[in-house]
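To start, the structure itself, in structure tokens.
As the structure is a computational prediction, the values presented were derived from the model and not from experiment.
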Amino acid sequence: MAGDPGRRRWGPHMLDKTEVLKAILASLQRQLDSAHTLVAHAQQAATHEEARAEDKYDTRGLEMSYVAAGASDRVEQLRPVLGQYHFWQLPAANPDAIRPGALVELVADDAHMTVFVAPFGEGDKVEVDGQIVHVVTLKAPLGLALLGRAEGDEVSVGQARHRRNWVVTSIC
């Protein structure tokens, strides 16, 4: 749609930022559902009759309780992020500089990458219309390097020998 601020010509494909956001939400929901399932299974396994220690070296029940606690922590990390996304609005299209909500195309000598700069959460990869979109936050080195950059700017990320230079070719 020509008037849709989230839609822009992106290489040979059309990427809609609204669809990218939906893919991010779906990925977060899958992770949350998986963590809930793991909590339930680990709690059940920790308290199951077969998990009782047979001797002082048998730690099956204890190990499952640690798994349940870790999965519970993951649920508590994901729940607020999903809530924040549900109330967050995508910024207007065609920003002059990269900010949270920007969909960015990066090119290096031998690579091409599409990045969505997320306002919160953590890094991820989602697929939209057959194209991989890397989700980065401002906590990540790439997210920090991109913040405030404009089309044509170069960003350098990595350490010493593994440093990579990217050129910002498009911002939406």
Side-chain angles (χ1 to χ4, degrees), residues 4-36 38 66-67 69-172:
D4 184 353
R7 189 174 284 284
R8 178 183 171 135
R9 181 103 182 120
W10 206 268
H13 305 287
M14 293 289 280
L15 277 187
D16 182 338
K17 285 200 305 187
T18 305
E19 293 302 315
V20 172
L21 187 56
K22 285 180 187 177
I24 292 168
L25 286 170
S27 175
L28 287 168
Q29 188 63 56
R30 281 191 303 275
Q31 291 175 50
L32 182 61
D33 293 345
S34 177
H36 274 297
L38 182 56
Y66 287 147
V67 170
S72 291
D73 288 348
R74 184 70 178 140
V75 166
E76 294 310 311
Q77 291 169 351
L78 289 169
R79 203 178 276 153
V81 172
L82 260 169
Q84 288 173 312
Y85 267 116
H86 282 295
F87 293 103
W88 180 71
Q89 296 287 319
L90 279 169
N94 302 325
D96 293 332
I98 297 171
R99 59 185 179 182
L103 191 57
V104 182
E105 182 177 45
L106 300 172
V107 176
D109 292 334
D110 58 348
H112 170 273
M113 182 168 45
T114 302
V115 173
F116 180 82
V117 181
F120 26 71
E122 56 193 47
D124 201 358
K125 287 182 190 176
V126 294
E127 187 174 327
V128 180
D129 294 335
Q131 187 170 345
I132 298 296
V133 177
H134 298 263
V135 180
V136 298
T137 66
L138 299 179
K139 296 176 193 172
L142 180 58
L144 280 174
L146 289 172
L147 187 63
R149 300 298 181 140
E151 285 185 18
D153 285 353
E154 187 173 301
V155 294
S156 184
V157 243
Q159 299 155 346
R161 296 184 314 211
H162 298 98
R163 201 152 196 77
R164 182 167 233 170
N165 296 320
W166 295 95
V167 175
V168 177
T169 57
S170 298
I171 305 171
C172 176

List the atom of [X], the atom of [Y], and the distance in Å for their closest heavy-atom pair.
| X | Y | value |
| --- | --- | --- |
| Val155 | Ala145 | CG1-O, 3.4 Å |
| Ala111 | Arg164 | CB-NH2, 3.7 Å |
| Ala23 | Val126 | O-CG1, 3.7 Å |
| Val75 | Ala35 | CG2-CB, 3.6 Å |

Hey, what do you get for [atom1] ([X]) to [atom2] ([Y]), rounding to the nearest 0.5 Å?
| X | Y | atom1 | atom2 | answer |
| --- | --- | --- | --- | --- |
| Leu106 | Thr169 | CG | OG1 | 6.5 Å |
| Leu32 | Gln77 | CG | CD | 11.0 Å |
| Glu151 | Ile98 | CD | CD1 | 9.0 Å |
| Asp153 | Leu146 | CG | CG | 10.0 Å |
| Leu82 | Leu25 | CG | CG | 6.5 Å |
| Ile132 | Glu127 | CD1 | CD | 4.5 Å |

* To do: Ignoring hydrogens and angles, state whether a donor on the side chain of Gln31 or Ser27 is under 3.5 Å from an acceptor on the partner side chain.
  => yes

* Donor on one side chain, acceptor on other, Gln29 and Asp33, under 3.5 Å ->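 The answer is yes; a qualifying pair exists.
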
Does [X] reach the side chain of [Y], with side-chain heavy atoms less than 4.5 Å apart?
| X | Y | answer |
| --- | --- | --- |
| Met113 | Val136 | no |
| Tyr85 | Pro119 | yes |
| Asp124 | Ile24 | no |

* Listed by chain and number, what are the salt bridge (charged side-chain N to carboxylate O under 4.0 Å, His left out) partners of Glu122, not counting sequence neighbours? -> Arg74

* Please indicate whether His162 has more than 12 foreign heavy atoms, meaning atoms of other residues, nucleotides or ligands, lying under 6.0 Å from its NE2. =>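 Result for NE2/His162: open.
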
* Please walk me through it: do Val133 and Leu103 pass side chain to side chain contact (heavy atoms under 4.5 Å, CB included)? -> CA-CA 9 Å; Val133 177; Leu103 191 57; 4.1 Å; yes

* Using the test side-chain contact (heavy atoms from CB on, under 4.5 Å), find all partners of Arg163 that sit at least two apart in sequence or belong to another chain. =>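 Checked Arg163 against side-chain contact (heavy atoms from CB on, under 4.5 Å); matches are Ser156.
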
